Number of protein chains: 2
Amino acid sequence: MTVSRVINRSGAISRETRERVEAAIAELGYVPNTLARSLRMKATQTLALVVSDITNPFFTTLARGVQDAARAEGFNVIFCNTDESETEQAEQLVALVQKRVDGVLLVPAASSAEPVAYLKRHKIPVVVLDRRVEDCLVDSVRCDSELGAYQLTRLLLDLGHRRIAMLSGPATVSTAVDRVAGYRRALTEAGLEVVAGLIFHGAYSPIGGRQMAQAALACTRRPTAFFAANNFIAIGAYQQLREAGLRVPEDVSMATFDEMPLTTLIEPFFTVVAQPAYEMGQRAMQLLLARLTNTAVGECQEVILPFDLIVRRSTGPVPAA
Amino acid sequence: MTVSRVINRSGAISRETRERVEAAIAELGYVPNTLARSLRMKATQTLALVVSDITNPFFTTLARGVQDAARAEGFNVIFCNTDESETEQAEQLVALVQKRVDGVLLVPAASSAEPVAYLKRHKIPVVVLDRRVEDCLVDSVRCDSELGAYQLTRLLLDLGHRRIAMLSGPATVSTAVDRVAGYRRALTEAGLEVVAGLIFHGAYSPIGGRQMAQAALACTRRPTAFFAANNFIAIGAYQQLREAGLRVPEDVSMATFDEMPLTTLIEPFFTVVAQPAYEMGQRAMQLLLARLTNTAVGECQEVILPFDLIVRRSTGPVPAA
DNA sequence: CTGTTAGCGCATTCAA
DNA sequence: TTGAATGCGCTAACAG
């Protein structure tokens, strides 16, 4: 139809017909069908963001960054949760391929490169966010978890702590692994022995945090500091410590990765490595859009964003024995 | 093709051909195209949730409820933010119609019934969530804001407060209006005069909260209690009070609507009317799905869910003058 | 049980 | 400047 030309401003149209068409559109309440358009164009103008849990403030902030950047270019974004499960993730990716999304931002549930390969096989551009995957031929945006953990551990060491429990995430997730690595490096450099019994892996969730804190408290010599690998672990661990009658920071110190926005506003408490979630989302989306529009983008990029180490009230000196 | 029958398990197929087809599918990495399917079927198996800000924990929790319920029935959900703007909302709805979503869950940016009518005109079922709209012929799920506000105000009155500042949301939003109404009723029933100068309307955001708190503090006789209409307002107001050198609850009391999940876990502080966000999302989705599948659902339903009034540390008696 | 025909609503290509 | 034919990938309805 000529209608198509009017709607898309493609081709030349006499003013008269255009007005006639526009009038008809208004009168009939006609709304073009994106499905048909996408089918024909082989492009959906839709991108996806796959995260573990859209309930985590770190990811919601990231999501806003993603969405704002996408909106600016006229793209829609679909959000998916994997709940940190590789099977869930695989299902989600299949669904996204079925929908023929133009690109995917992926916070991988594990470090396997298979999901990335899967998308590439279907010619869907991917940007890996927040975490590493084994294979390296992907665009990616993240912070340096190893360095962050190193600095946070240094901070605790400088305060005099020697028995620092590391409450990390799933051993399959790169951030969890890297944060343990940074922790180890700091200890080793300080000439201290790394005690395997003080390193824990669990879910990136309040429950995971509780369980790990409980296990850590069961050690013969109680740790004087707790390093939580993310905000949810910190929360759970904190609750567990309180229930065990311990005060933070008087009895034990705590430090963690990731801000907890509302908490921070009300009563800034946790000493954290604050990652720039919004910017991470934005940058990742920009990278993806560049792949989609620019033909010549060259090799894959690896963007490492800086973080802030913010010292607050949850850390203090080792209490007198 | 026969392929379609294999994939959809429709019609009868010999085991041999089925296996042959399945083998080919696996080998080629074939993934069916949802766009084409939806175009043909005139159904997308996709629903939408439109909220003001997906960053607000109240809405993320609600979103999880929505999504979990949808997933259970094989539906996908698209999330949209309106940032409390009617124009944004209108744009989002057009986009959703273009995408031919099968249904919409709407947290309306204003109480105008026009957006609902628009969707109905396009034969898209709607469930209105959390807020009222003027016209009533829609399914809806929410809590009784008037009652919640009434009880919260009563609580403050019982503690002896007489000058209670009401920091509410936009006057165009039903929850903001209803919460003011509940506040007024409590005062009136207690035989107190409602001071117009103590009722404020602003954005449902930390900034809004700050501004209203500032204005309230400028009153000749300072309020002894602050009633925030939602969590974001509470945060902003709290910050403003702190900066003014006031302690909560020693100098002033605060009460609010909506939990702040992480905050609550760490250091339960605010006295709140806690709405069951997750259930609200779930119920709304169930209602929508009923409309979509069941043909005979009868009249529109209005589900009012109960809330919890939780008393915590942010409220206390009026300090001695 | 399997294949064929047709059309969902759009945009590209070519003709008028 | 406009219209007609064609096909994107799928499924419903019918034939074989």
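We use all heavy atoms of the structure for the numbers below, so side chains are in, but hydrogens, waters and symmetry mates are not. These numbers were taken from a predicted model, which means no experiment stands behind them.
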Exercise for review: Please state how far atom CD1 in A/I7 lies from atom C1' in D/dT2, giving the value in whole angstrom units.
Suggested key: 16 Å
**Study point:** Closest-nucleotide ordering on DNA chain C, the 5'-leading residue of B/E16 and A/P32
**Key:** B/E16
**Study point:** Between the first and last five pairs of the helix from C/dC1-D/dG16 to C/dA16-D/dT1, the angle of the axes, rounded to 10 degrees
**Key:** 40°
Distance-only check: which donor-acceptor pairs under 3.5 Å involve side-chain atoms of residues 65-72 of chain B, not counting sequence neighbours?
| unit_1 | atom_1 | unit_2 | atom_2 | d |
| --- | --- | --- | --- | --- |
| B/Q67 | OE1 | A/N81 | ND2 | 2.5 |
| B/D68 | OD2 | B/Y278 | OH | 2.5 |
| B/R71 | NH1 | A/E88 | OE1 | 2.9 |
| B/R71 | NH1 | A/E88 | OE2 | 3.4 |

Check your understanding: Closest to the B/K42 side chain: C/dG3, C/dG9, D/dC10?
Key -> C/dG9
Check your understanding: Does a side-chain N or O from B/T17 land closer than 4.0 Å to OP1 or OP2 of C/dT2, or not?
Key -> yes
Point to revise | Length of the line joining B/E19:CD and C/dT2:P, which is rounded to integer Å | key: 12 Å
Check your understanding: Phosphate oxygens OP1/OP2 of C/dC1: is one of them under 4.0 Å from a side-chain N or O of B/S14?
Key -> no
Exercise for review: Would you mind reading off the distance between B/R18 atom CZ and C/dT2 atom C1', rounded to a whole angstrom?
Suggested key: 15 Å
Revision key, fill the gap. Residues at least two apart in sequence or cross-chain that pass salt bridge (Lys or Arg N to Asp or Glu O under 4.0 Å) with B/R20, listed by chain then number, are none
Check your understanding: How many Å lie between CE on A/M41 and C1' on C/dG9, as a whole number?
Key -> 13 Å
**Study point:** Upstream residue (5' side of DNA chain C) when B/R15 and B/L39 are each assigned their closest nucleotide
**Key:** B/R15
Study note, to complete from the structure: B/L28 CG to D/dG9 C1', in whole Å, measures 15 Å
Exercise for review: Please report, rounded to the nearest Å, how far the C1' atom of D/dA13 is from the CZ atom of B/R5.
Suggested key: 10 Å
Check your understanding: How long is the line joining CD of B/Q98 and C1' of C/dC10, in whole Å?
Key -> 13 Å
Practice item. Check each of A/N231, A/T175, A/D53, A/D258 against A/Y204 using the side chain to side chain donor-acceptor pair (under 3.5 Å) test, and report the only one that passes. Key: A/T175
Practice item. Decide yes or no on side-chain contact (heavy atoms from CB on, under 4.5 Å) for B/V50 and B/F79, but give the supporting numbers first. Key: CA-CA 6 Å; B/V50 181; B/F79 300 111; over 6 Å; no
Point to revise | Separation of atom CG in B/L35 from atom C1' in C/dG7, rounded to whole Å | key: 17 Å
Point to revise | SB check B/R132 B/E302 (cutoff 4.0 Å) | key: no
Revision key, fill the gap. Side-chain atoms of A/N8 come closest, of C/dC10, D/dC8, C/dA11, to C/dA11
**Study point:** Neighbour count >12 (heavy atoms, 6.0 Å) for atom CD1, A/I304
**Key:** yes
Point to revise | Pair of N/O donor and acceptor under 3.5 Å linking C/dG9 base with B/R100 side chain | key: no
Exercise for review: Report which part of the nucleic acid A/I13 touches: base, sugar-phosphate, or nothing (heavy-atom distance under 4.0 Å, all strands).
Suggested key: sugar-phosphate
Review point. With the threshold set at 4.0 Å, does a side-chain nitrogen-carboxylate oxygen contact exist between B/D83 and A/R64?
Key: yes
Review point. Less than 3.5 Å between a donor and an acceptor, one on the side chain of B/R40 and one on the base of C/dG9, is that the case here?
Key: no
